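To keep things clear, I will list the structure first and then write my remarks on it.
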Amino acid sequence: MLFRPAGIYVPLITPFDDTGALAADDLRRLAHHVLDSGAAGIVALGTTAESAALTSDERCLVVEICGQVCAEHDSPLIVGAGTNDTYGTQAIIQSLAGTGDIAAVLTVVPYYTRPSEDGVVAHFEHLARHSPLPLITYNVPYRTGQTLGSTAILRIAQHPNIIGVKQSVGSVDTDTAQLIARAPQGFSILAGEDTLVSPLLAMGAHGAILATANVYPGEFVELHRLWRNGNIDDARALGSRLVTPAHALMSTPNPTMIKAALHARGSISSAAVRLPLLPVREPSSAVDEIPNTAIELVG
């Protein structure tokens, strides 16, 4: 049976120390924390991980650490593995298949090249035919410059090796509503907009992949639980309280504010990011308005 993602998945940051080196202990500790907080699983090497700025050896280390932690928690690991090169992406996925127990790969719509929509469908169908791992499509037009409508996604969803989509289109739009309404059995709709996760869960999304869950894993897990169990009033209240801190955490290029908040809390040893990203100039004051605990959010 293919893996079907549901619940809250955390695309982990990649912590660096003050010298700029990968802080492996911080990564391991953060991975344990989000899973201890109830996250369904981890996404390694996503956008939030600054994966484009990591060396090949560092990417391997991130996957190794996240895989070890997921194995200890009996939780699934999803790994980001998408480029704008179909055959290059295929090679990356095939190399990942031999590195450990990976549940699925998160594969972005081809960026920069801007193929036709039929070309995007052909890209994913080719990968699905040749991939030893299930695929989750990452639909994020404001990063890729490529719009992928619901009709195309539903075509992709017919392939048994494509198990879901991370839908990050910046709004609650008709295409997303049609996806949720018409998704085939076994195909997961995962919200990817941190401030819009509550309405998408209310509409029937199966879960979410949320950068700000690095800071609020337990709160987003609780939000998913409330909607799933039909506790509408409590879900609305918590979802509303999460909008402002989620917006604040995404108000600077991802993951700069998230790292600032985690560093301010003592969760990571440094808020360092790698160029071309720049750290938040005054992280201590920038995160003052971000609640520190679930009590502040719920109370």
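Keep in mind it's a predicted model, so treat the numbers as computed, not measured.
A donor-acceptor contact shorter than 3.5 Å links the side chain of E193 to the backbone of G170. A donor-acceptor pair is defined here as one N or O able to donate and one able to accept, closer than 3.5 Å; no such pair exists between the side chain of T144 and the backbone of P110. Listed for the T256 side chain is no donor-acceptor partner under 3.5 Å among the backbone atoms of P279. Checked by atom type and distance alone, the side chain of H206 pairs as donor or acceptor with a backbone atom of I189 at under 3.5 Å. Between the R143 side chain and the Y111 main chain, no donor and acceptor come within less than 3.5 Å of each other. Here the side chain of H123 pairs no donor or acceptor atom with the backbone of D85 at under 3.5 angstrom. Within the 3.5 Å criterion, the main-chain N or O of P5 finds a donor-acceptor partner in the side chain of S188. Of the possible polar contacts, one joining the N161 side chain to the S131 backbone as a donor-acceptor pair under 3.5 Å is found.
Nearest heavy atom pair, residue P115 against residue Q146, reads O-OE1, 2.7 Å. When all heavy atoms are compared, the tightest approach of G149 to D175 is CA-OD2, 3.4 Å.
Checked options T212, T244, N214, D194; the residue passing with L249 is T212 (criterion: side-chain contact (heavy atoms from CB on, under 4.5 Å)).
Salt-bridge formation is not detected for the pair K259/D26: no Lys NZ or Arg NE/NH1/NH2 atom is positioned less than 4.0 Å from an Asp or Glu carboxylate oxygen.
Between L223 atom CG and L210 atom CG the span is 9.0 Å, to the nearest 0.5 Å. The distance from the SG atom of C66 to the CZ atom of R28 is 9.5 Å, given to the nearest 0.5 Å. Atoms CG and CD1, from D25 and I65 in turn, are 8.0 Å apart once rounded to the nearest 0.5 Å. The distance from atom CD1 of I102 to atom CG of L96, rounded to the nearest 0.5 Å, is 4.5 Å. Remark: L54 CG to R59 CZ distance equals 6.5 Å, nearest 0.5 Å. The CZ atom of R4 lies 10.0 Å from the CD1 atom of I163; values are rounded to the nearest 0.5 Å.
Taking the six-membered ring for Trp, Y87 and H126 have ring centres closer than 6.0 Å.
Using a 3.5 Å distance cut-off with no hydrogens or angles, the side chains of D18 and S270 do pair a donor with an acceptor.
More than 12 heavy atoms of other residues, nucleotides or ligands shown are found within 6.0 angstrom of CG on N229. More than 12 heavy atoms of other residues, nucleotides or ligands lie within 6.0 Å of CZ in R274, so this atom counts as buried by the packing criterion.
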List the atom pairs, donor and acceptor, that lie under 3.5 Å between side-chain atoms in residues 135-142 and the rest of the protein, sequence neighbours left out.
residue : atom : partner : partner atom : Å
N139    : ND2  : L148    : O            : 3.3
N139    : ND2  : Q167    : OE1          : 2.9

